[in-house]
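Counting begins at 1 with the first residue of the sequence.
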Amino acid sequence: MKVSRFGSALLLLLALSVLLSACGGNNADKNATNEGSSGNVSTKAVKITFLNSKSEIQQQMAEAAAEFAKANPGIEVDVISASESQSPVERASSLYAAGTPATMAMLDAGDIAKFADKALDLSGEKWVAELAQPNELDGKTIAFPFAVEGYGLIYNQKILDQAVGGTFDPATINTTTALEDLFKED
């Protein structure tokens with residue numbers, strides 16, 4: 001699957017924005033140190049690790065992370081990948097066992113529960129109210145929808161030409177409703 005640099009960057013920026021908003025609040029004591037009585041405050045860099053469960057797009061994710069870091073000085077994003085021969089759950093588990101868990105992990109929905117005891121409760125975030133299907137476990141939202149997938153439909157041009165009474169243009173199928181309407185054609 002090929003994902004555009006822009007698409008990867010957009011998805012990573014969205015994920016990072018959600019994470020950073022979830023980690024908001026008064027972190028002054030964590031992110032800054034007071035340098036004595038001079039009043040100088042130095043900000044420490046924030047490091048975010050992201051477990052990418054799709055090794056086939058590791059390069060694009062790393063490029064997106066670099067673009068994000070360039071646009072957001074002081075935030076470093078390290079994209080960790082699960083290899084093609086390793087399951088993302090196995091990789092996440094090994095990171096926890098080593099004491100170096102990823103800040104965020106892209107996991108299948110069914111695997112989220114395996115890490116519920118380690119997840120941040122995101123229920124209080126504004127965007128949770130906008131979710132069509134909240135990812136809740138025990139009444140807590142511990143994940144947000146995130147996907148890097150490519151889908152395509154294979155169709156029979158001759159049959160669709162007959163159905164639409166002319167030449168079928170696949171560019172017209174750009175929404176779920178448009179696809180549903182095409183299925184209703186005689």
Test side chain to side chain contact (heavy atoms under 4.5 Å, CB included) applied to K158 - qualifying residues, sequence neighbours left out: N156, Q162

Derivation and outcome, side chain to side chain contact (heavy atoms under 4.5 Å, CB included), residues F50 and D78: CA-CA 6 Å; F50 179 83; D78 182 20; over 6 Å; no

Is any side-chain heavy atom of F115 closer than 4.5 Å to one of P101? no

Identify, with sequence neighbours excluded, every residue that meets side chain to side chain contact (heavy atoms under 4.5 Å, CB included) alongside T100. L95, A98

Measure the spacing between CD1 of I75 and NZ of K70 and express it to the nearest 0.5 Å. 16.0 Å

Passes side chain to side chain contact (heavy atoms under 4.5 Å, CB included), L179 versus D181? Steps please. CA-CA 5 Å; L179 182 60; D181 290 345; over 6 Å; no

Could you list the donor-acceptor pairs under 3.5 angstrom formed between side-chain atoms of residues 166-173 and any protein atom two or more places apart in sequence or on another chain?
{"unit_1": "D169", "atom_1": "OD1", "unit_2": "A171", "atom_2": "N", "d": "3.1"}
{"unit_1": "T172", "atom_1": "OG1", "unit_2": "D169", "atom_2": "O", "d": "2.6"}

With sequence neighbours left out, which residue pairs that include part of residues 106-124 fulfil the salt bridge (Lys or Arg N to Asp or Glu O under 4.0 Å) condition? D111-K114

Taking L51 as the starting point, is it possible to reach V77 by hopping between hydrophobic residues whose side chains are less than 4.5 Å apart? no

What's the shortest heavy-atom distance between E136 and T141, and which atoms? CG-OG1, 3.7 Å

Closest contact, heavy atoms only, R91 versus S81: NE-O, 3.3 Å

Under 4.5 Å between side-chain heavy atoms, counting indirect links through other Ile/Leu/Val/Met/Phe/Trp/Tyr residues: same cluster for L107 and V79 or not? no

Transitively linked via ILVMFWY side-chain contacts under 4.5 Å: Y96 with I80? no

Heavy-atom closest contact (S55 atom, E84 atom, distance): OG-CG, 2.8 Å

Residues passing the side chain to side chain contact (heavy atoms under 4.5 Å, CB included) test with Q59, sequence neighbours excluded, are E63

On a heavy-atom basis, which atom in P88 and which in A82 lie closest, and how many Å separate them? CA-CB, 4.1 Å

Which ILVMFWY residues are connected to L137, directly or by a chain of links, through side-chain heavy atoms under 4.5 Å apart? I112, I142

Linking I/L/V/M/F/W/Y whenever any side-chain heavy atoms sit under 4.5 Å apart, do I159 and L182 land together? no

Least distance between heavy atoms, W127 atom then A143 atom: CH2-O, 4.3 Å

In Å and rounded to the nearest 0.5 Å, what is the CG to NZ distance from D138 to K140? 7.5 Å

Treating Ile, Leu, Val, Met, Phe, Trp and Tyr as nodes and any side-chain heavy-atom pair under 4.5 angstrom as an edge, say whether M104 and L131 lie in one connected cluster. yes

Output the distance between atom CD (Q58) and atom CG (N52), rounded to the nearest 0.5 Å. 5.0 Å

Check: T49 side chain, T103 main-chain N or O, donor-acceptor pair, under 3.5 Å: yes

Shortest non-hydrogen separation from E56 to Q60 and the atoms involved: O-OE1, 3.9 Å

